[in-house]
Amino acid sequence: MELVIQLTYLVASVFFIYGLKMLGSPKTARKGNMYSALGMLMAIIVTLFDKHIINYEWIIIGLIAGSAIGSTFALRVKMTGMPQMVGLLNGLGGGASVLVALSEYYKIVPEIPVTTGTTIIISILIGSVTFTGSLIAFGKLQGIVTGKVVKYPLQHPINALLLLVVIAIGVYIVINPGNADILLSVVGVALVLGVLLVLPIGGADMPVAISLLNSYSGLAAASTGFVLQNNMLIIAGALVGAAGIILTLIMCRAMNRSLMNVVLGGWASAGAEGPAAESAGPKGDVKSVDAEELAMILDSVSSVIIVPGYGMAVAQAQHAVRELANTLEKKGVKVRYAIHPVAGRMPGHMNVLLAEAQVPYDELIALEDINDDFPNTDVVIVIGANDVVNPAARNDKSSPIYGMPILNADYAKTVVINKRSLNVGYAGIDNELFFYPNTLMYFGDAKDAMSKLNSELKEL
Amino acid sequence: MDGQSFLMLVYIFVLAIFVGFELITKVPPTLHTPLMSGSNAISGITIVGALLSAGLEEFTISTILGLVAVIFAMINVVGGYLVTDRMLKMFKKK
């Protein structure tokens, strides 16, 4: 039986790898996810035949309770709430790793070899930080915990000290494994460390934090694999760890930040001075249009690029935007969407929000693939986005977003910006694009404004 | 576990990281959110360890920890795969 179990674990690992490979294209992605789920199912079933499992009552209770809660979450969550959902799931994965490591300790204490003891400590450290860190991230995204950058005195020395404490007690336990209370103190300190590491990170940086915690949850699973000497757990955990790191780096690049800068919570100090100093007065006149005028302009164009921002999702305007796009397409206009990597609240979030509104994925174009097309585009419609089209990122060395890759919306023949007011964006800085000669401001709530524009356009 | 078998585990870990990097860099930005939730579900593989703890012969503190771990990991697995499927279902070509 042992051989069958190990071989099934190998097959499951292959299914995970193959499933991730199929996620490389929207055509095969759904099937890939199912392969991955199938691998998981095989792993769970075959584990139930392990000779160490004698009693099934607790297992059945746990499996049923977990499945019920998990499926309720998954079916109820709104697409705008996806970052919180992923944050919460990250945390639970980390929590499970801590519990398994602790359970393993109690199972084999007091005879614990040095290697096993070390892996248990590492597993507890990564798992605990992932658990509380993710809960804080969840709280920030949900609005339970403040989304502001929280600063407290001696922030970095305290965190470094806590990490040293964990390592010191960890080493002690590896040498003298008998005392369970001391091990629990490691758990406690590591849990506090998770809170303190994520608390300083501001709301705007949550896409990075969530990605990083995703990576941690993978590493936590891998560390459990080390504790149990299980290759499948190590492979699966390593895959997730790699995925999280890649997404983290993509997000950092898109925000023009270094990972250290995000983790240490430096954004606020740069952004906070901005609005007070710069928004003293308007830099010129803005031209504004109403729905009727705008419809007339759009009636005679051949290409439109829509730049959606999170403001569009907040206003629940996705469907109105898609209906406008449909009307334009019926008139023979080529419509595409330019998606900035940080347009949503997590990597790829905007694509999901638009897919939900039945926008076909082949119209969603990533920044690097569409940026050269702006000069040949008649009209760009910017909806609920601001910083991602701010030319200051290109021209103004003093701007906090200088160097951040932006969508070159200003190169288009006409730029239409839909906003409720001239207020600053997430980064808290003015946008000179509003005052450009080729820019038209179309004020109003995104949802109302788009449906009004759509009905005007239909009448023409 | 002796040093030799520990080293084998490290081998596997390092190689799997490289496989992960190769696979994930090929995922288009459109699919980054489902990628995250889907890979998140994979990290629920800790369920295997949780089951081994929850099914012990005698009822001890290890069993209780195992039970809670089974619940946590199962929420992660079921929630992760279902929500990923829900998202991927929406991605349609024109």
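Not measured: the values here are computed from a predicted model. To find a chain, count down the sequence lines: A is the first, B the second, and so on, and within it residues start at 1.
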Legend entry - Region of E363(A) that comes under 4.5 Å of a non-hydrogen atom in chain B: side chain
Inset, instruction - Might you confirm whether atom CZ of F21(B) has over 12 heavy atoms from other residues, nucleotides or ligands at distances under 6.0 Å? - result: yes
Legend entry - Side chain, backbone, both or neither of M85(A) within contact of chain B (heavy atoms, under 4.5 Å): side chain
Legend entry - Contact class of L31(B) relative to chain A, heavy atoms under 4.5 angstrom: side chain
Inset, instruction - Identify which of E57(B), M8(B), K26(B) forms the greatest number of heavy-atom pairs closer than 4.5 Å to chain A. - result: E57(B)
Inset, instruction - Identify which of L364(A), L48(A), L247(A) forms the greatest number of heavy-atom pairs closer than 4.5 Å to chain B. - result: L247(A)
Inset, instruction - Tell me yes or no: between the side chains of S103(A) and S53(B), is some donor less than 3.5 Å from an acceptor? - result: yes
Legend entry - Residue among V68(B), I61(B), V14(B), L15(B) with most heavy-atom pairs under 4.5 Å to chain A: I61(B)
Inset, instruction - Would you mind checking which part of F18(B) comes under 4.5 Å of any heavy atom in chain A, side chain (CB onward), backbone (N, CA, C, O), both or neither? - result: neither
Legend entry - Region of K93(B) that comes under 4.5 Å of a non-hydrogen atom in chain A: both
Inset, instruction - Please determine, among T72(A), D50(A), V46(A), I44(A), the option with the most heavy-atom pairs under 4.5 Å with chain B. - result: I44(A)
Inset, instruction - Could you have a look at I12(B), D85(B), V70(B) and say which one has the most heavy-atom pairs with chain A under 4.5 angstrom? - result: D85(B)
Inset, instruction - Establish, from distance only, whether the side-chain atoms of Y106(A) and T60(B) form a donor-acceptor pair under 3.5 Å. - result: no
Legend entry - Top contributor to chain B contacts, counting heavy-atom pairs under 4.5 Å, from A221(A), A242(A), A366(A), P347(A): P347(A)
Inset, instruction - Kindly check if the number of other-residue, nucleotide or ligand heavy atoms within 6.0 Å of OH (Y361(A)) is above 12? - result: yes
Inset, instruction - Check each atom of V48(B) against the heavy atoms of chain A and say whether the ones under 4.5 Å are side chain, backbone, both or neither. - result: both
Inset, instruction - State the NE2-NE2 distance between H349(A) and H32(B), to the nearest 0.5 angstrom. - result: 14.5 Å
Inset, instruction - Determine whether the side chains of T130(A) and S217(A) contain a donor N or O and an acceptor N or O closer than 3.5 Å. - result: no
Inset, instruction - Work out which heavy atom in M40(A) is nearest to a heavy atom in F16(A); give both atom names and the distance. - result: N-CE2, 3.6 Å
Legend entry - Residue part contacting chain B, namely of T224(A), when any heavy atom lies under 4.5 Å: side chain
Legend entry - Residue, of I365(A), L102(A), N231(A), that accumulates the most heavy atom pairs under 4.5 Å with chain B: N231(A)
Legend entry - Most contacts with chain B, counted as non-hydrogen pairs under 4.5 angstrom, among A236(A), A220(A), G225(A): A236(A)
Inset, instruction - Please determine if E329(A) and K94(B) form a salt bridge, counting it only when a charged side-chain N lies under 4.0 Å from a carboxylate O. - result: yes
Legend entry - Side chain, backbone, both or neither of A41(B) within contact of chain A (heavy atoms, under 4.5 Å): backbone
Legend entry - Top contributor to chain A interface from G80(B), G44(B), S43(B), A54(B) [non-hydrogen pairs under 4.5 Å]: S43(B)
Legend entry - Donor + acceptor pair across side chains of S134(A), Y216(A) (<3.5 Å): no
Inset, instruction - Name the option with the most non-hydrogen atom pairs under 4.5 Å to chain B; the candidates are I61(A), L233(A), L228(A), L219(A). - result: L233(A)
Legend entry - Winner by heavy-atom pair count (cut-off under 4.5 Å) against chain A, out of G49(B), G55(B), G20(B): G55(B)
Legend entry - Over 12 non-hydrogen atoms of neighbours within 6.0 angstrom of OH in Y56(A): yes
Legend entry - Smallest separation among heavy atoms of P34(B) and F91(B), with atom names: CG-CE1, 4.2 Å
Inset, instruction - Please determine, among I45(B), L82(B), L65(B), I47(B), the option with the most heavy-atom pairs under 4.5 Å with chain A. - result: I45(B)
Legend entry - Under 4.5 Å from any heavy atom of chain B - which part of N214(A): side chain
Inset, instruction - Please check if the distance between the ring centroids of F226(A) and F6(B) is under 6.0 Å. - result: yes
Legend entry - F59(B), CZ atom: more than 12 neighbouring heavy atoms under 6.0 Å: yes
